[in-house]
Amino acid sequence: MSAAPVRDVVVTITYLEMGERPSYDRPSLPPGAPSALISAEKPPLWYFLALYSAVGRDYHWTDRLEQNPDEVRAWIQGPEVTLYTLMRDGWPAGFFVLDGSTPAECEIAYFGLVPEAVGSGMGKYLLKTAIHLGWDRPGVEKLTVETCTLDHPRALGLYQTCGFTPVAQAVKTRAIAEQDM
């Protein structure tokens, strides 16, 4: 079987920051199906990669899949990293990862909903919750997140609506299999 043709795509990465705790209240779970937000204690690598793939498949998230599994495991199970899963109707509807490895900073390293949950109104709840939990960490003076033009088209606007400000951009070329475009 031959490899799928690859096309170079220009991608703009936007880096965003939030320098103070937001003025809005911690959100309540949206009405509807039974839901819970659960933090994972030293999650197994397969669990993180399953969520990562389910959320990121349509947005070409591949970096962690190509990385050495032991490195990914060490990161996701590290003491400064916490994975949160949004369970809705008994299945994972989305997740986010908070990474406090940099002193005085908390990065929302990953954030997103599975395709079946996109458009359900859960995204804003999940992001605002991630922001509050990030600010709850001791010593945090700044929250960071990044997005790119391969992510959901509303991602950048959602981050800005929730209080993040763009601080820098980078343009890179990324090789993507044409079958995935």
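Heads up: numbering here begins at 1 and tracks the sequence.
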Euclidean distance, [Y] [atom2] relative to [X] [atom1], rounded to 0.5 Å:
| X | Y | atom1 | atom2 | result |
| --- | --- | --- | --- | --- |
| K142 | E20 | NZ | CD | 14.0 Å |
| Y159 | I108 | OH | CD1 | 6.5 Å |
| F95 | L51 | CZ | CG | 5.5 Å |
| R154 | K124 | CZ | NZ | 11.0 Å |
| T129 | R26 | OG1 | CZ | 7.5 Å |
| L49 | Y47 | CG | OH | 12.5 Å |

In the single-linkage hydrophobic clustering (I, L, V, M, F, W, Y; side-chain heavy atoms under 4.5 Å), do [X] and [Y] co-cluster?
| X | Y | value |
| --- | --- | --- |
| I76 | W46 | yes |
| V55 | V72 | yes |
| L29 | L158 | yes |

Keeping the roles fixed (side chain from R174, backbone from H60), state whether a donor-acceptor pair exists under 3.5 Å. yes
SB check K172 D8 (cutoff 4.0 Å): no
Do the side chains of R137 and D99 get close enough for a salt bridge, i.e. N-O under 4.0 angstrom?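 Looking at D99 together with R137, the answer is no, because their closest N to O distance does not fall below 4.0 Å.
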side-chain contact (heavy atoms from CB on, under 4.5 Å) with F96: of V145, L37, I131, only one passes, and it is L37
Selection residues 116-148 - residue pairs positive for ring-ring contact (aromatic ring centres under 6.0 Å, His included), sequence neighbours left out: Y24-H132
With side chain to side chain contact (heavy atoms under 4.5 Å, CB included) as the test, would you mind laying out the steps for T144 and E105 before giving the verdict? CA-CA 7 Å; T144 63; E105 192 174 299; 3.7 Å; yes
Between T14 and Q169, is a side-chain hydrogen bond (donor to acceptor under 3.5 Å, both in side chains) present by the stated rule, with each step listed? CA-CA 5 Å; T14 302; Q169 284 191 323; 3.0 Å; yes
Quick one: closest heavy-atom pair of [X] and [Y], and the distance?
| X | Y | answer |
| --- | --- | --- |
| V114 | W91 | CG2-CZ3, 3.7 Å |
| G134 | L143 | C-CD1, 3.9 Å |
| L126 | G112 | CD2-O, 3.9 Å |
| C106 | V140 | CB-CG2, 4.0 Å |
| C148 | V11 | CB-CG1, 3.6 Å |
| T149 | V10 | OG1-O, 4.2 Å |

Could you tell me whether the side chain of E107 reaches within less than 4.5 Å of the side chain of L98, counting heavy atoms only? no
In this structure, are over 12 heavy atoms from other groups packed under 6.0 Å from E66 atom CD? yes
State which residues pass salt bridge (charged side-chain N to carboxylate O under 4.0 Å, His left out) with R88; sequence neighbours excluded, sorted by chain then number.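 Residues passing salt bridge (charged side-chain N to carboxylate O under 4.0 Å, His left out) with R88: none at all.
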Y110: ring-ring contact (aromatic ring centres under 6.0 Å, His included) partners, not counting sequence neighbours: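 So Y110 forms a ring-ring contact (aromatic ring centres under 6.0 Å, His included) with F48, Y52, W61, W75.
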